[in-house]
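Below is one structure, written out as structure tokens, with a few remarks after it.
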Protein chains: 2
Amino acid sequence: MRVSREQVTANREQIVVNAAEQFRRRGFGDVTIADVMKAAGLTHGGFYGYFDSKQALEAAVCERGLAESVAAVDAVRDGEGGEGTAAEAPLRRFVDDYVSARHRDAPEEGCTVAALACDAGRSGPELQQLFVSGITGMAGSLAGLRGQGSAEPAEDGGPDFATLSTMVGAVILSRAVAAADPELSERILAAARERASAPVE
Amino acid sequence: MRVSREQVTANREQIVVNAAEQFRRRGFGDVTIADVMKAAGLTHGGFYGYFDSKQALEAAVCERGLAESVAAVDAVRDGEGGEGTAAEAPLRRFVDDYVSARHRDAPEEGCTVAALACDAGRSGPELQQLFVSGITGMAGSLAGLRGQGSAEPAEDGGPDFATLSTMVGAVILSRAVAAADPELSERILAAARERASAPVE
DNA sequence: ATTATCTATAGATCTATAGATAATGC
DNA sequence: ATTATCTATAGATCTATAGATAATGC
């Protein structure tokens, strides 16, 4: 039942990718090793050939996911607008994409911070250290977006943790009521979009 | 081993209070019925005389905790300042208390929204309905604080979901890094405090 | 007599490991 | 021969229930 070395690489990739999706949708605790391995097309017992423990997989998933989230902000900064109004300010463009019903409804392909920050708050320092990099990186890139292409003066002030808080908070709150009151969920997102995109004094 | 009717009432209270503390600190999934009953001074098996299921306990805990969170905002609005600078604007006073290291470090006695909104996002519509009331109530009371005792004109615009997003988001982010980087955690809180207290255009 | 609690356990689940199996790659 | 995977299972845990126990309150 052995496979080629290329297949081993591909299998590891599948484990991480499937774990990332399931963790972001359901949290660390509700996803089992068997769930992840089944989605990756492997058996439960094979997992420990790839990772020492479930915690090690959680760390691998967060490390990659957080880097992707930082890269997503940077992509907007570097003018990878693609479609949409090219005249739209970069900050507003990113905020509108992040604080959206689409993002709310697809946590498995969305931001790791919005999906797993709460779980990180209940995890150990090793995992939290990954969120230090991710949160600092996202807030730093957000500060870069602010002022860019807008009438707003370039602020001095380091990473924009306040705007990140608004955006992440809104996605989390919108998810907390989405199944019971979709209209309220939308109002939360709309209010936060406006606030996060608005100039600061 | 039967107890008086008064004791039954007190026991139920102990179950809810201890569950509220443990759920807010560790989340629904990491707390067992046995944990809660032990903290309440009862045995595991006795739980089902009080609640039909763990989910029913989760709902009872959230219903009470969310009402307390709404009441905490209203208390500031109604001028229950207590200590501190009486001249301080009500909004700032509440924000400074909520977006704080004290609140970050004591989720068990803190806001249910900040502690369990993520878990609610992974729960069913019944639990989410409780968050509909809690979030709407808190955002409505926050809108009342804004403008009160400040130079800011009284806004028309309904519940202040944007400010609530900033506050909840900041507490969640600060908790996600607290064990790894206390200084960063403080910077997040400070940035969000300033943003949430600032006038809006 | 009623009823809240306790003891004991069924049934299910989960992480992690041990040993067998079979295909790769020197 | 090496090694990735699979089968099977140990050991621990968790929700929920059944039946026994013992104190309350009519």
Side-chain angles (χ1 to χ4, degrees), chain A residues 1-62 116 119-120 122-124 126-127, chain B residues 1-62 116 119-120 122-124 126-127:
Chain A
M1 299 263 173
R2 193 183 165 189
V3 296
S4 73
R5 245 179 336 196
E6 288 165 8
Q7 189 62 44
V8 169
T9 304
N11 284 350
R12 187 187 174 93
E13 179 68 14
Q14 279 303 301
I15 293 171
V16 173
V17 167
N18 284 288
E21 290 181 1
Q22 298 195 47
F23 282 159
R24 281 185 282 194
R25 177 160 284 281
R26 297 158 52 202
F28 295 143
D30 289 345
V31 178
T32 69
I33 304 292
D35 288 336
V36 172
M37 293 300 278
K38 186 174 185 181
L42 297 166
T43 57
H44 179 183
F47 173 77
Y48 295 91
Y50 288 96
F51 294 94
D52 287 340
S53 66
K54 190 182 179 186
Q55 277 195 13
L57 175 62
E58 292 168 3
V61 163
C62 286
L116 293 171
D119 298 64
R122 300 169 187 150
S123 298
E126 306 82 6
L127 193 87
Chain B
M1 298 265 174
R2 192 185 168 192
V3 298
S4 72
R5 248 182 328 199
E6 288 166 7
Q7 189 61 44
V8 170
T9 304
N11 284 349
R12 187 186 174 95
E13 179 68 13
Q14 279 303 300
I15 293 171
V16 173
V17 166
N18 284 288
E21 290 181 3
Q22 297 194 49
F23 282 159
R24 281 184 282 192
R25 177 161 281 282
R26 298 157 53 203
F28 295 143
D30 289 346
V31 177
T32 69
I33 304 292
D35 288 335
V36 172
M37 293 301 277
K38 186 175 184 180
L42 298 166
T43 57
H44 179 184
F47 173 78
Y48 295 90
Y50 289 96
F51 293 96
D52 286 340
S53 66
K54 190 182 180 185
Q55 276 195 14
L57 176 62
E58 293 169 2
V61 163
C62 286
L116 293 171
D119 299 64
R122 300 168 187 150
S123 299
E126 306 82 6
L127 193 87

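Given the structure is predicted, the values throughout are model-derived calculations rather than measurements.
When the side-chain nitrogen and oxygen atoms of A:Asn11 are compared with OP1 and OP2 of D:dA4, none of them lie within a distance under 4.0 Å.
A:Ala19 approaches A:Val36 most closely through the heavy-atom pair CB-CG1, 3.8 Å. Scanning all heavy atoms of the two residues, the minimum distance from B:Phe23 to B:Lys54 falls at CE2-CE, 4.3 Å. In terms of heavy-atom proximity, A:Asp119 sits nearest to A:Gly27 at OD2-CA, 3.7 Å.
Among the heavy atoms of the strands lying under 4.0 Å from B:Gly45 is at least one base atom, whether or not backbone atoms are also near. Residue contacts shown for B:Tyr50 are limited to sugar-phosphate atoms, with no base heavy atom under 4.0 Å away.
Stem analysis of DNA chain C (at least three stacked-register Watson-Crick or G-U pairs, each with both distances under 3.5 Å) gives C:1-24 with D:1-24.
Near DNA chain C, meaning a heavy atom under 4.0 Å away, there are no residues from residues 13-26 of chain B.
The CG atom of B:Leu116 sits 5.5 Å away from the SG atom of B:Cys62 when rounded to the nearest 0.5 Å.
The stretch residues 21-32 of chain A participates, sequence neighbours left out, in these salt bridge (charged side-chain N to carboxylate O under 4.0 Å, His left out) pairs: A:Arg25-A:Glu108, A:Arg26-A:Asp35. Applying the side chain to side chain donor-acceptor pair (under 3.5 Å) test to every pair with at least one member in residues 3-14 of chain B, sequence neighbours left out, gives these pairs: B:Gln7-B:Asn11, B:Glu13-B:Arg64, B:Gln14-B:Asn18.
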Protein and nucleotides 9-15 of chain D: nitrogen or oxygen contacts under 3.5 angstrom:
{"unit_1": "D:dT15", "atom_1": "OP1", "unit_2": "B:Lys54", "atom_2": "NZ", "d": "3.1"}
{"unit_1": "D:dT15", "atom_1": "OP2", "unit_2": "B:Ile33", "atom_2": "N", "d": "3.1"}

If you restrict it to nitrogen or oxygen atoms, what contacts under 3.5 Å exist between nucleotides 24-26 of chain C and the protein, and what is each distance?
{"unit_1": "C:dT24", "atom_1": "O2", "unit_2": "A:Arg2", "atom_2": "NH1", "d": "2.3"}
{"unit_1": "C:dG25", "atom_1": "OP1", "unit_2": "A:Arg5", "atom_2": "N", "d": "3.2"}

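Across the protein-nucleic acid pair, B:Met37 atom CE and C:dA4 atom P stand 13 Å apart, rounded to whole Å. Protein atom CG of B:Leu57 is 14 Å distant from nucleotide atom C1' of D:dA16, rounded to whole Å. One atom, CZ of A:Arg12, and another, C1' of D:dA4, lie 14 Å apart when rounded to the nearest Å. Atom CZ of B:Phe47 and atom C1' of D:dA16 are 10 Å apart (whole Å).
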Got a list of side-chain donor-acceptor pairs under 3.5 Å for residues 37-53 of chain A, not counting sequence neighbours?
{"unit_1": "A:Ser53", "atom_1": "OG", "unit_2": "A:Gln55", "atom_2": "N", "d": "3.4"}
{"unit_1": "A:Ser53", "atom_1": "OG", "unit_2": "A:Ala56", "atom_2": "N", "d": "3.2"}

